[in-house]
Amino acid sequence: MKMAGDNDSVAAVQCINIKKHYGRGAHRLDVLQNLNMFVPQGSIYGLLGPSGCGKTTLLRCILGRLSMDHGTIWTLGKLPGTIGHGVPGSMVGYMPQETALYEDFTISETLNYFGTIHGMPRDVLQGRKEFLINLLDLPSMDSMIRNLSGGQKRRVSFAAALVQSPPLLILDEPTVGVDPLLRIRIWEHLLAFAKEWNTTIILTTHYIEEARQANIVGLMRNGKLLSESPPQDLIDCYQMPTLEDVFLKLCVQDSERRGDDEEQAQSTAVVVHSINGAVERNVSSSQEDVVFSSDSAMLIDESRHVCKPGPSKLRCSDIFLSPAHLWALMVKNIIRIMRNPGILFFTVVIPILQTSLFCLAVGNDPRDLSVAVANLDHPPILSKLYLQQIDNYTVHQIPVDTLSLGKAGVRSGEYWGVIEMGANFSVDLLKRFQNYSSADNATIQGGSVHVYLDMTNSQIAISLQQKLLEAFQNFTQKLLPNPQIAEIPVVFEPPIYGSTRTKFVDFAAPGIILTIIFFLAMGVTALSLVTERKEGLLDRSWVAGVSSTEVMLAHILVTGLLTIIQIILVLVFILAVFKIPNEGSLALITLLCILQGFCGQAFGLFSSSVCSTEITVMQFTQGFFYPIILMSGIIWPIQSMPDVLYYISLCLPQTYANEGLRNILSKGWGMEHFEVWLGYVITLAWSLVFLTLSAVFLRIRK
Ligand SMILES: Nc1ncnc2c1ncn2[C@@H]1O[C@H](COP(=O)(O)OP(=O)(O)OP(=O)(O)O)[C@@H](O)[C@H]1O
């Protein structure tokens, strides 16, 4: 059917037999059921219906944001989402139900963001901003969104949908929660846009009577249109005082039809014709029969027209990345970070705090360990000399009269151990040193230091053993002309790599550096996307034409700057302040850290593409934290793991990187070693895996 006269005969949007459901099995909900819709160009189309009848779902299908189960939608002559088409993109302005604005932006920044995405030149955008501020009676451009009233926020949201003067406007409940005066003003603007700029407007509303101002109303119930006609025609046809009464009557009729014939009811729509002022009513059951009338008096029985697909002007940005989109997204991310002191604090202070805590709290010798000394030696010549050699920083000697008193003290938790030297210690030890080959067992036992330790804390026990053995070496050096006589005949020569005094902290440092960098980078990235998606902000950007790759890249570039700051801080504190030994190239270390930071960002993006809320992101990332720490050889060598765990650990993103960094730091190895190469290659491979998965999940969940 075609209306006479003007370009109203051409459809801006046409939906043909649309079906859409959510859920599966018993939870399946058929939201749109064979829905047909025809929105003429330059008209205001009011989509009315009770809550939950599927209005938003239909709008999202029209925008190309939701895929349908069945049917076709034409928007501005093309299928939404076609390459080169501006829907989603600059051809459509979308105002979602929720305000969906960045609370920490000003009005000006908000409009800049959307204007830049749409590629508006700076001066045009400035003029447009001033026009919209006047038109919608908004406060000053510098006002922060978070300080605006609810009504002002809705008007800013409206302005954001209008900023690029789109030919198609889709407004999801623009007047909900708005005072009556403002509602009247919004309608005045809508009428002006349709009349003066030939803008096509589709809007949903619960306030049925306000839709009398629309050119056409679609009355929707249970996922289908009960009627699609000019409001006055409906009122005249049903001879009801209000549109609301018409809607009620149609609902009753629909229920009755459903009772009669469920199948028939699925696809019928009441259509009102207005012919030369007389109104007649049809019940149609297929798309071809669905007709509408204008308030002009003529009907032309022709099939409906949709906008003819014009020659596709394919821009590079439709296929490749758009610099305008990237720039807008990056500026947006920078503003959000700058306005959020928590993120800046997180960036600068946390890496310093974590590295310092690690270097100060881990790997140092324990001190002031109380150890009972039962020295029964008489006269205590050699025993005294031995006790003097014990490192007083670690061991705090407490004399006791008998061995059993010392043991009782260990059992009660007073001492970490007891050192016992017998009554003939000095005599027997001298005998042993003077006559090695003929010393009997009694002499050897009498000339030995007997130590009883609390072995429940292995690190403390190992430290005590080490200190007591070192004291004995010092003691023999003072006592014997050739102290090597007193040593066991297994000699550890100067090491090939490292030193005899290599500490635990040197072993753990590479893993700790990489873990701090990986998880900080992940933390900065992970929450941002989830917050944006939850508040409907991401949805708005998708509709403006931004792609998931652009969103990801903009996040990586901006949070990448933060990650580089963190890497510099971590390395300065580890290598320069706490002087963890480094034999290798600083450039290689930095490169590996940057790649691990990138991998952390990619993992953060992956987490935020999989999870819907901040809580689930936290749980998801925490679930990975301990397995990575425990299984990547950071605090214990992977060579000690059971076979299965060992092979699993090799697959983790930090195991090879950790090993590679350890080799660079402690052995000074470079890229000529395969073990070092592997660290870089596997980190990069994991980053690509996470990025690909993020892109897939972002696309699926768009
Ligand atoms: N992602 C989803 N998964 C499952 N069900 C959904 C989803 N989105 C919407 N629904 C359900 O589909 C039905 C239609 O929702 P929709 O938001 O389209 O209704 P609506 O007419 O816009 O409602 P309102 O006027 O309250 O905004 C509702 O029952 C809703 O609960």
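Both ligands and their constituent atoms are indexed starting at 1 by order of listing.
Looking at R212 and E209, a side-chain N of the basic residue comes within less than 4.0 Å of a carboxylate O on the acidic one, giving a salt bridge.
Results of the ring pair (Phe, Tyr, Trp, His ring centres under 6.0 Å) test with F690 over F697, F603, F624 single out F603 as the only residue that passes.
Between the side chains of S157 and R540, at least one donor N or O sits under 3.5 Å from an acceptor N or O. Looking at S90 and Q164, their side chains never bring a donor and an acceptor atom within 3.5 Å of each other.
Below 4.0 Å from some heavy atom of G54 lie the following atoms of ligand 1, by number and element: 14 (C), 18 (O), 19 (O), 20 (P), 21 (O). Listed by atom number, the atoms of ligand 1 under 4.0 Å from H206 heavy atoms are 25 (O).
The shortest N/O to N/O separation between L29 and ligand 1 does not fall below 3.5 Å. When only interatomic distances are considered, the shortest N/O to N/O separation between V31 and ligand 1 does not fall below 3.5 Å.
Protein heavy atom in closest approach to atom 9 (C) of ligand 1: Y22 CE1, 3.3 Å. In this structure, the protein non-hydrogen atom closest to atom 13 (C) of ligand 1 is G52 O, 3.7 Å. Protein heavy atom at the shortest distance from atom 16 (P) of ligand 1 is T57 OG1, 3.7 Å. What sits closest to atom 22 (O) of ligand 1 on the protein, heavy atoms only, is T56 OG1, 2.6 Å. Atom 25 (O) of ligand 1 has as its closest protein heavy atom K55 NZ, 2.8 Å. Atom 27 (O) of ligand 1 has its closest protein heavy atom at Q97 NE2, 2.6 Å. Looking only at protein heavy atoms, the nearest one to atom 26 (O) of ligand 1 is S51 OG, 2.6 Å.
For R336 and Y102, the positive end is not near the middle of the six-membered ring at less than 6.0 Å and at most 45° from its axis.
Between K20 and T57 the shortest heavy-atom distance is CG-CG2, 3.8 Å. When all heavy atoms of V530 and T613 are compared, the closest pair comes out as CG1-C, 3.4 Å. Of all the heavy atoms in L138 and L132, the pair that sits closest is CD1-O, 4.3 Å.
Heavy atoms of G49 come nearer than 4.0 angstrom to ligand 1 in no pair at all. Distances from ligand 1 to the non-hydrogen atoms of E173 include at least one value under 4.0 Å. Not a single heavy atom of G23 lies less than 4.0 angstrom from ligand 1.
For atom 4 (C) of ligand 1, the nearest protein heavy atom is under 4.0 Å away.
With a 6.0 Å radius and a threshold of 12 heavy atoms from other residues, nucleotides or ligands, W197 has its CH2 atom above the threshold. Residue-environment remark: CE (M618) stays at or below the threshold of 12 foreign heavy atoms within 6.0 Å.
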